[in-house]
Amino acid sequence: GDGGSDPTNPYICSFFDMEGLKREHEIETGHQAEDDKVHIVSFSPVVDSVSEEYVHHMILYACDEASAQNGGYAHEKIVPECGSMPAGCDEMMWPWAKGGSDTVLPSNVGIPVGGENGSRWLVLQMHYYNPSLDEGVKDSSGVRVQFTPQLREHDAGYLQLSGGTGSFQRDPMPFGDSAHVLTPTFVVPSSCTSGWEEPLNVIGVGHHQHQVGKKMSIEVQ
């Protein structure tokens, strides 16, 4: 059915062509960017007050250009079953879950869109939780993205880590233990870090858990 195989946990995606949105902005403002590249400077969740109890999380991903061309992606195209992301759309740009607030980048930092190294196509994944299978639910939640053609000094991006979520990542969890602690360790291999041209600065951290999780923290060494 729509949203995936589990009707209580539907996933729905929408595509957005940032190049088209950027051109619309230029027409509205009368200001034309000198470069195809722009910087995203903030993300603001827009949660529909009527349906907010069903909104579990929103994640904005970037798609590579080759996949967009081969996949026939179109602006505002809806993918009704999106538990698995469309091909080539796996670069996380903005995650949000219940309790999250606006993400505002430092004044000298922006997330690149367009240009040589930025992504043109974005896709927003909506995850809903409807355990009672309520019918007739309509939702207009999404994200408000602010961008500027005045490029900032530094490009930003996301590094996504997942540990302890699968049985192959941890020992079996004891039954009935209400205070069990998982301590997964991540090691970023040199094959990745060797491509970093300058030191990385962590400017924010976001956590997300399902079901029995109570608390999370991360330490960078």
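Since we're looking at a predicted model, the values are computed, not measured.
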Working to the nearest 0.5 angstrom, can you tell me the gap between [X] [atom1] and [Y] [atom2]?
X	Y	atom1	atom2	value
Cys63	Tyr73	SG	OH	5.5 Å
His57	Tyr11	NE2	OH	5.5 Å
Ser141	Met126	OG	CE	5.0 Å
Met85	Ser67	CE	OG	11.5 Å
Cys82	Ile59	SG	CD1	10.5 Å
Thr8	Leu133	OG1	CG	6.5 Å

Could you walk me through whether Glu76 and Ser14 pass the side-chain contact (heavy atoms from CB on, under 4.5 Å) test, one step at a time? CA-CA 6 Å; Glu76 296 185 343; Ser14 302; over 6 Å; no
Under a 3.5 Å distance rule, please check whether Lys214 uses its side chain to pair with a backbone N or O of Ser178 as donor and acceptor. yes
Is any side-chain heavy atom of [X] less than 4.5 Å from a side-chain heavy atom of [Y]?
X	Y	answer
Glu65	Arg120	yes
Val55	Tyr128	yes
Cys13	Tyr61	no
Tyr158	Ile111	yes
Trp121	Asp17	yes
Ile203	Leu105	yes

Mind checking salt bridge (Lys or Arg N to Asp or Glu O under 4.0 Å) for Arg152 and listing every partner two or more places apart, or none if nothing turns up? none
Kindly determine whether Val143 and Trp96 satisfy side-chain contact (heavy atoms from CB on, under 4.5 Å), including the steps that lead there. CA-CA 9 Å; Val143 56; Trp96 175 90; over 6 Å; no
Pair His39, Gln150 - check side-chain contact (heavy atoms from CB on, under 4.5 Å), show working. CA-CA 7 Å; His39 266 150; Gln150 299 176 347; over 6 Å; no
What pair of heavy atoms forms the shortest contact from [X] to [Y], and how long is it?
X	Y	answer
Gln125	Gly83	NE2-O, 3.9 Å
Leu124	Gly142	CD2-CA, 4.0 Å
Ala62	Ser119	CB-OG, 3.3 Å
Pro45	Met58	CB-CE, 4.1 Å

Sequence neighbours excluded, which residues qualify as side chain to side chain contact (heavy atoms under 4.5 Å, CB included) partners of [X]?
X	answer
Asn108	Pro106, Glu153, His154
Ser51	Asp48, Tyr54, Val137, Asp139
Val46	Arg144
Ile218	Leu161, Val205, His207

Parallel, tilted or perpendicular for Phe43 and Trp94, by the 30°/60° rule? parallel
Determine the interplanar angle of the Tyr129 and His56 rings, folded into 0 to 90°, and report it as parallel if under 30°, tilted if 30 to 60°, perpendicular if over 60°. perpendicular
Residues Lys37 and Asp155 bridged, charged N to O under 4.0 Å: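 The answer is yes: the pair qualifies as a salt bridge.
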Tell me whether [Y] is reachable from [X] by hopping between hydrophobic residues (I, L, V, M, F, W, Y) whose side-chain heavy atoms are closer than 4.5 Å.
X	Y	value
Val41	Met92	no
Val104	Val47	no
Ile78	Leu122	yes
Val202	Leu159	yes

Could you walk me through whether Val79 and Ile12 pass side-chain contact (heavy atoms from CB on, under 4.5 Å), step by step? CA-CA 6 Å; Val79 180; Ile12 301 173; over 6 Å; no
For residues 89-104, which residue pairs pass the salt bridge (Lys or Arg N to Asp or Glu O under 4.0 Å) check, not counting sequence neighbours?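 Every candidate salt bridge (Lys or Arg N to Asp or Glu O under 4.0 Å) pair involving residues 89-104 fails, so no pair, neighbours aside, qualifies.
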